[in-house]
Amino acid sequence: MEKPFIEIDAKEFIIHPFEIQKPEGYEFAENYPNCCHSHKHNYKLLTDYLERFPFCCDNHADFYKRFKFDKAKVYGQIPIWVLKAVDYTWHTIEQNINEDDWFDAITEYFELCFWSMGTPAVGSHIYLELVELNLQRKDGKFPKDKCKALLKFLTEVNKYKPAQEKTDLNLLYSTYQKWLKAFPFDLPFFSPLKPQLTKSLPFVKEVTRRNRYLGMVTAKLVTPTELVASLYRRTQHILSLIDTTKLQKQGLISQAEKLSIDVLNENHRFKQRTLTEIYNKGEKQYIKTIKKWLENEKDYFKEIVPKLKQAPAPKPKKEKTPKNYFGFSGDTNALLTVLKALQLRVDMLKEDFTTVHNFHKLLTAKDFSNLDVKVHLNCDNKQFYYIITKLQPYFTNLKWVTIANSMLFLSEGNSLLGQSDLSSAKNFRR
């Protein structure tokens, strides 16, 4: 299996620590760090720890055996750097505690400090201890509820343990490729979907935030189990879009005999694929669903083809051209202004994936099938339903079926938005 992602285990390399830039407005006391008893005590605490490192614990001792680093060269400045990080953190808390985005501004600075201590993080436990002690002070300097929220964040960082199920990008990729190869995309019902879904990599669960100090975006990936569950739901959704009996009654199946052969061929290919591929318990769910669907289609065509041959030829019906547009009929500039306001007020889109301008371009396009745009929602389905109902009077085709069939809208949880999702949101609001 092809492995398109290069993975590097954190245990296999060292990230050197670095000194954090002094925040604007912060000034050191004279003779720092020998300026007061507190700084002297904390500095000695850090220097004593560095003397014991890397033989302070089994993990660091093993780390040293593998890399044989020069402690003085790599970590010699850790005591003063960590001590400064503590003071800079307290200054950052003071500067931001009364701002609207106080929690993000402060916790993102925590993350900067942890990153500054390298990999593995040396001295991070002392940094954590000192910051927590400051937040636990009962001098009433800062609101108790905010201190409590920050302490909770630090506690979660300290107690964080990686998920038992490892998220491996190459494993996620191979899992998705197995689904693409198993699904009957060669049938004319589904072939238009294949190019779009082949380019899709549904691995990102959510983009949490962008750290203003590090300039990095944090994203959560789905676990293999979550991906398989998502593929099972996607299988059910795509198969539910096709009702062969309805298509036949509407005269949309003009070559039933050829289509029955296509189904037979696809059924055979599917059986061959499942014989030579190994599927886990979760994957077997969508395999079972596809198998039942193909068998049901095969039985249907087996019965319907002879009857169609005996019946008089139906009058050809003019095929309806799919409406690949939403039909905006107003002022495009006014629409853009509205979308920008919605983004500002309700954080409607995940802007790392979909910009307001791209969403505007999609809504006003004469043919959105030619656009390489996908809408990643950052609001829940109920909010999106409400937004669409307010916009619908200005469109001729901004319908739930058009939104669902476009397969261009992804929910807050990064799954394709279907009619059932929008119906549920509608019913909820009643």
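Atom CD of Gln77 sits about 9.5 Å away from atom CG of Leu50, to the nearest 0.5 Å. The CZ atom of Phe270 lies 10.0 Å from the CZ atom of Phe183; values are rounded to the nearest 0.5 Å. With rounding to the nearest 0.5 Å, the separation of CZ in Phe18 from CD1 in Ile15 is 9.5 Å. Rounding to the nearest 0.5 Å gives a distance of 11.0 Å between SG of Cys57 and CZ of Phe63. Taking CE of Met348 as the start and CD1 of Ile387 as the end, the distance is 5.5 Å to the nearest 0.5 Å. Here Asn211 contributes atom CG and Glu108 contributes atom CD; the two are 4.5 Å apart, rounded to the nearest 0.5 Å.
Residues Lys382 and Asp380 are paired through a salt bridge, judged by an N-O separation under 4.0 Å between the basic side chain and the carboxylate. Using a 4.0 Å cut-off between a side-chain N of Lys or Arg and a carboxylate O of Asp or Glu, Lys298 and Glu295 qualify as a salt bridge.
Within the 4.5 Å cutoff, the side chain of Leu154 has heavy atoms near those of the Glu132 side chain. The shortest side-chain heavy-atom distance between Pro17 and Ile78 falls under the 4.5 Å cut-off. Counting heavy atoms from C-beta on, the side chains of Phe185 and Leu180 come closer than 4.5 Å. Residues Leu135 and Ile93 are in side-chain contact: their nearest non-hydrogen atoms beyond the backbone lie under 4.5 Å apart. In this structure, the side chains of Tyr386 and Asn381 stay at 4.5 Å or more apart for every pair of heavy atoms. No side-chain heavy atom of Glu129 sits under 4.5 Å from any side-chain heavy atom of Tyr127. You'll find the side chain of Tyr88 stays beyond 4.5 Å of the side chain of Cys113, heavy atoms only. You'll find the side chain of Leu344 stays beyond 4.5 Å of the side chain of Lys340, heavy atoms only.
Not counting sequence neighbours, His360 has no partner by the ring-ring contact (aromatic ring centres under 6.0 Å, His included) test. Qualifying salt bridge (charged side-chain N to carboxylate O under 4.0 Å, His left out) partners for Asp101, counting only residues two or more places apart in sequence or in other chains: Arg212. The ring-ring contact (aromatic ring centres under 6.0 Å, His included) test applied to His357 returns no partner, not counting sequence neighbours. Ser415 pairs by the side-chain hydrogen bond (donor to acceptor under 3.5 Å, both in side chains) definition with Ser411, not counting sequence neighbours. In this view, Phe368 and Phe326 satisfy the ring-ring contact (aromatic ring centres under 6.0 Å, His included) rule, not counting sequence neighbours. Looking at residues two or more places apart in sequence or on another chain, you find a ring-ring contact (aromatic ring centres under 6.0 Å, His included) between Tyr64 and Phe55, Phe69. The side-chain hydrogen bond (donor to acceptor under 3.5 Å, both in side chains) check on Lys71 picks up nothing, with sequence neighbours excluded. Residues that satisfy the side chain to side chain contact (heavy atoms under 4.5 Å, CB included) test with Asn134, not counting sequence neighbours, are Val86, Trp90, Arg137.
Proximity of a side-chain donor or acceptor of Gln196 to a complementary backbone N or O of Met407 within less than 3.5 Å is detected. A donor-acceptor pair is defined here as one N or O able to donate and one able to accept, closer than 3.5 Å; such a pair exists between the side chain of Thr89 and the backbone of Ala85. Proximity of a side-chain donor or acceptor of Thr354 to a complementary backbone N or O of Leu349 within less than 3.5 Å is not detected. Checked by atom type and distance alone, the side chain of Thr355 never pairs as donor or acceptor with a backbone atom of Glu351 at under 3.5 Å. When atom types are taken as modelled, the side chain of Lys178 and the backbone of Ile278 share a donor-acceptor pair closer than 3.5 angstrom. Under a 3.5 Å cut-off, the side chain of Asn96 and the backbone N or O of Ala105 do not form any donor-acceptor pair. Using a distance-only test at 3.5 Å, with no hydrogens or angles considered, a donor-acceptor pair links the side chain of Thr274 to the main chain of Lys271. For the pair Asn397 (side chain) and Tyr325 (backbone), a donor-acceptor distance under 3.5 Å is present. Judged purely by atom type and a 3.5 angstrom limit, Gln392 uses its side chain to pair as donor or acceptor with the backbone of Leu398.
Heavy atoms of other residues, nucleotides or ligands lying less than 6.0 angstrom from CH2 of Trp115 number 12 at most.
Residues in residues 355-374 take part in no salt bridge (charged side-chain N to carboxylate O under 4.0 Å, His left out) pair, two or more places apart or across chains. Sorted by first and then second residue, the side-chain hydrogen bond (donor to acceptor under 3.5 Å, both in side chains) pairs with a member in residues 45-59 read Lys44-Asp48; sequence neighbours excluded. For residues 18-39, the set of pairs meeting the salt bridge (charged side-chain N to carboxylate O under 4.0 Å, His left out) definition, not counting sequence neighbours, comprises Glu19-Lys84, Lys22-Glu27.
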Let me have the donor-acceptor pairs involving side chains of residues 231-242, under 3.5 Å, with sequence neighbours excluded, atom names and distances please.
{"unit_1": "Tyr232", "atom_1": "OH", "unit_2": "Gln236", "atom_2": "NE2", "d": "3.1"}
{"unit_1": "Arg234", "atom_1": "NH1", "unit_2": "Tyr176", "atom_2": "OH", "d": "3.2"}
{"unit_1": "Thr235", "atom_1": "OG1", "unit_2": "Trp179", "atom_2": "NE1", "d": "2.7"}
{"unit_1": "Thr235", "atom_1": "OG1", "unit_2": "Leu231", "atom_2": "O", "d": "2.8"}
{"unit_1": "Ser240", "atom_1": "OG", "unit_2": "Gln236", "atom_2": "O", "d": "3.3"}
{"unit_1": "Ser240", "atom_1": "OG", "unit_2": "His237", "atom_2": "O", "d": "2.6"}

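Across every non-hydrogen atom of Pro184 and Glu266, the tightest pair is CA-OE2, 3.1 Å. The shortest non-hydrogen separation linking His376 to Asn414 is ND1-OD1, 3.4 Å. Between Ala149 and Phe103, the shortest heavy-atom contact is O-CE1, 3.8 Å. Summarising the geometry of Asn98 relative to Lys146, their closest heavy-atom pair is CA-NZ, 4.1 Å, with the distance given to 0.1 Å. Contact between Leu172 and Leu227 at its shortest, heavy atoms only, is O-CD2, 3.4 Å. When all heavy atoms of Gly123 and Val82 are compared, the closest pair comes out as O-CG1, 3.9 Å.
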Between Trp400 and Tyr385, does the ring-ring contact (aromatic ring centres under 6.0 Å, His included) criterion hold? Intermediate values first, please. CA-CA 9 Å; Trp400 307 121; Tyr385 174 86; 4.9 Å; yes
Under the ring-ring contact (aromatic ring centres under 6.0 Å, His included) rule, what do Phe110 and Phe114 come out as? Steps first, then yes or no, please. CA-CA 6 Å; Phe110 289 160; Phe114 287 125; 7.3 Å; no
Going through the checks in order, is the ring-ring contact (aromatic ring centres under 6.0 Å, His included) test met by Phe190 and Trp293? CA-CA 13 Å; Phe190 308 118; Trp293 188 89; 5.4 Å; yes
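Aromatic pair Phe328/Tyr394: ring centres not closer than 6.0 Å.
Side chains of Asp87 and Tyr32: a donor-acceptor N/O pair is present below 3.5 angstrom, by distance only.
Leu408 pairs in a side chain to side chain contact (heavy atoms under 4.5 Å, CB included) with only one of the listed residues (Leu417, Leu362, Val375), which is Leu362.
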